[in-house]
Amino acid sequence: MKKELEPAEIQRAFGSESRRQMLEEYFGKAGKVTPANAWKHVYRLLLWTDRTTGLAHCYESDKAQPGRPWYARSLAFHDWVSEGLGAAPGDLGAEVDWLFTRGTERLAAVIARRQAERTGRAAEQRAPYDGRGFPEPGEDPALRESLVREELAPWLPSPPPPAAMRKLTQRIRTHLAQENKRKNLVGEGFEDVLGSLIGRLPGAAKMKVNGRPVLHSLPGFRPPPGNEKPRKVDLAVIGPGKRRVLVSAKWSVRADREEQFGVDFEAYARLEDAGRDFDFVLITNEFDAARLNAACERRRQNATLFTSVVHVNPAGPLAAYGESSRDSAAKLAEHVKSGRLMSLERWLSKLIG
DNA sequence: ATGTGCGAGTATTGTGTCTC
DNA sequence: GAGACACAATACTCGCACAT
């Protein structure tokens, strides 16, 4: 058993232990989890607003800029999701992104602690160069010059002291760098969130939920031969009757990662040892119709690759595309209608069935 | 402590389609 | 048929986990 870390000991604000604690905290006061409200929890925890547009993120930022096609779709999605979460369009930002917001608070504490620990050592390292005018860490002259001299100087009675400027430039850097950490949080965080949701459903007691388990730790799968490295699964649910569900959880999908689906399945099938079928399920929040269609239609031999393709809420992409007449959008609507692209609600309902 | 693998978003390059 | 545009594929980047 891993040692339980106090929040004050956490070194990785966005790491797995920290995420586990944060989810514990969130669900502690979030009320009951049901298949019907699961998608709202996913969005409250993970959805974020794009800084450049202020809108809920559903597509790559550059393509969602005003005047481009995904700006209209982002507006439509923002409208739809605000409504669904009971927030005014202007207030959605505060309703969502809970994990990242909480994580950055923790991160600030970690950075402060680390800096305090390192100050002494840093002074030693700089000692031999004392008095020679070496640059102070965190100065960033370009940022300083353009920010203060060009933008603020006319309004300032006197130039701010260097220490204040260092603090400012450091804070700006931290702010910008934080956005990168989201990538990691969304990736593994999505798996964590799905696992937490399933584990808190009414009737979850009869299932076993594993986050990122090694494949051969699951019933009916054997270790890979030779020095082949052990396979991991994003999420595994062992249901009643030894039903095995292997979940690939991807917040979004890219062509290069799409190739991986087939490779993963092939490995899972090859290492299956019990001679029984298992479910292979994709859960995603992708919004691009073509990518979703591809996932729905992808085949292996004589069957679809995925037993089910699940979207956090297919009504989202449908709202984004609106009355679009594009082929891919029309096809997407068909997949939703037929149930091939399934809502998280429906999938969870069937799971606890 | 350091290197590798994997997750994600972003940036860039490539391709098809529509308009004038 | 050149240019603009959207869509698609590819390449790159960053941070965390885990193994060495």
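The sequence lines fix the lettering, A, B, ..., with proteins before strands; numbering per chain opens at 1.
- Using modelled atom types, no side-chain atom of A/Ser343 and backbone atom of A/Asn313 make a donor-acceptor pair closer than 3.5 Å.
- A/Phe134 forms part of a hydrophobic cluster together with A/Tyr129, judged by ILVMFWY side-chain heavy-atom separations under 4.5 Å.
- Proximity of A/Phe100 to A/Val186: side-chain heavy atoms (C-beta onward) are nowhere separated by under 4.5 Å.
- Between A/Phe221 and A/Tyr268, a ring centre-to-centre spacing not shorter than 6.0 Å is recorded.
- Between A/Gly67 and A/Ala13, it is A/Gly67 whose nearest contact on DNA chain C lies nearer the 5' terminus.
- Although no hydrogens or angles enter the test, the distance criterion places no donor-acceptor pair under 3.5 Å between the side chain of A/Arg244 and the main chain of A/Gly239.
- Residues A/Arg73 and A/Leu107 both approach DNA chain C. Their nearest nucleotides, taken by heavy-atom distance, put A/Arg73 toward the 5′ side.
- The CZ-C1' distance, from A/Arg19 to C/dG15, rounds to 11 Å in whole Å.
- No engagement by A/Arg231 is indicated, since no non-hydrogen atom pair under 4.0 Å with the nucleic acid exists.
- Listed by chain and residue number, A/Arg222 satisfy the salt bridge (charged side-chain N to carboxylate O under 4.0 Å, His left out) test with A/Asp273 (two or more places apart in sequence, or in another chain).
- At C/dA17, one or more side-chain N or O atoms of A/Arg12 fall inside 4.0 Å of OP1 or OP2 (strictly under the cut-off).
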- [ ] Scan nucleotides 4-14 of chain B nucleotide by nucleotide, 5' to 3', and note B when protein non-hydrogen atoms come under 4.0 Å of the base, S if they reach only the sugar-phosphate, - if neither.
- [x] --SSBSB-B--
